[in-house]
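Right, one structure below, let's go through it.
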Amino acid sequence: MRAGTRAAQVELRDVGMRFGEREVTRGIDLVVPAGQVLSIVGPSGCGKTTLLRAIAGLLTPARGAVVVDGETVQATPDGVAMVFQQFGLFPWKTVEANVAYGVRVRGASKRSALQQTRHLIDMVGLGGFEKAYPHQLSGGMQQRAGLARALAVQPRVLLMDEPFGALDAQTREVLQYEMLRLRQEYSATMIFVTHSIDEAVLFGDRVAVLGGRPSSVLELIDIGLPKPRDRAVSRSPEFLDLREHIWGLVMGDGAKEPEGA
Ligand SMILES: Nc1ncnc2c1ncn2[C@@H]1O[C@H](COP(=O)(O)OP(=O)(O)OP(=O)(O)O)[C@@H](O)[C@H]1O
Ligand SMILES: [Mg+2]
């Protein structure tokens with residue numbers, strides 16, 4: 001299923017975002033090499049969604065530039081897919097038709113599209129709900145369908161804005177581990193916004209902690225945990241250290257940590 005997919009490098013160069021008088025971010029410099037996962041954490045309102053929308057070409061930076069595979073983003077670049085909290089499903093299409101839409105966008109033949117659609121639906125645990133409409137699904141199931149649809153386009157860049165934020169804790173955990181598995185299967189570059197520090201560490205090759213007003217990158221942390229990652233990793237001392245460190249940064253929002261913290 002990976003044929004034809006090529007992950008893209010994403011660069012934010014000195015990106016400043018503003019809405020009128022409100023300066024949201026300043027001087028954001030980040031490079032996400034092709035195929036890597038960058039997690040972004042930071043307090044509510046610091047501009048995480050705004051940055052994702054800039055990467056998707058939906059907002060234009062007031063300063064600096066977003067560059068995907070060497071090209072400055074002006075409109076939504078090809079192969080950039082988003083999973084937002086609001087699922088982004090077509091309400092008038094069944095689960096199967098929603099996912100198939102993504103597959104067909106890539107020009108797959110009808111027969112192979114059906115196979116791929118089935119595979120994706122099974123993968124996100126929606127087997128049996130192919131003919132259901134979004135309004136007949138729970139929030140978690142809609143989220144899975146949204147994920148399957150985003151993966152269906154075999155994106156070069158997958159932008160995820162708190163994709164599990166609306167889910168109950170159990171469903172969330174199940175989907176997290178599904179995502180880890182999917183990460184092995186798909187080569188997309190991923191930028192993953194979350195309020196969960198555990199999730200940020202679990203998925204990220206690196207974690208960018210945003211803070212301040214206007215916000216900037218307080219710290220960019222390498223997550224050297226071995227891959228593929230599984231449940232056990234979240235109990236390792238390295239994981240717990242990283243989590244504590246990031247927790248301190250987020251809570252202090254730029255305030256200096258005491259020595260040795
Ligand atoms: N369309 C808009 N017009 C004006 N201001 C906006 C707009 N979108 C966002 N903002 C402002 O930009 C700032 C950052 O918003 P953004 O949604 O990016 O935050 P966030 O980090 O994603 O927060 P959360 O964690 O709560 O989702 C906020 O102060 C918000 O009020
Ligand atoms: Mg947001």
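In listed order, ligands and their atoms are each counted from 1. Every heavy atom of this structure was used, including side-chain atoms; hydrogens, water molecules and symmetry mates were not.
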Would you indicate whether R172, at its atom CZ, is surrounded by more than 12 heavy atoms from other residues, nucleotides or ligands within a distance under 6.0 Å?
yes
Does D14, at its CG atom, have more than 12 non-hydrogen atoms belonging to other residues, nucleotides or ligands within less than 6.0 Å?
yes
So, T194 versus E162: side-chain donor-acceptor pair below 3.5 Å or not?
no
Protein-derived N, O or S atoms sitting under 2.8 Å away from the Mg ion (ligand 2) total 1
Within a radius of less than 6.0 Å around CZ of R26, do more than 12 heavy atoms belonging to other residues, nucleotides or ligands occur?
no
With a sphere of 6.0 Å drawn around CD of E71, does it hold more than 12 non-hydrogen atoms of other residues, nucleotides or ligands?
no
Indicate the ring-plane relationship of F192 and F203, choosing parallel, tilted or perpendicular according to the 30° and 60° boundaries.
perpendicular
For E219 and H245, which I'm curious about, is there any donor-acceptor pair between the side chains at under 3.5 Å?
yes
Residues in contact with ligand 1, criterion: heavy atom under 4.0 Å:
F19, R22, V24, P43, S44, G45, C46, G47, K48, T49, T50, E162, H195
Establish, from distance only, whether the side-chain atoms of S112 and Q116 form a donor-acceptor pair under 3.5 Å.
yes
Crowding at CZ, F129 (>12 non-hydrogen neighbours, <6.0 Å):
no
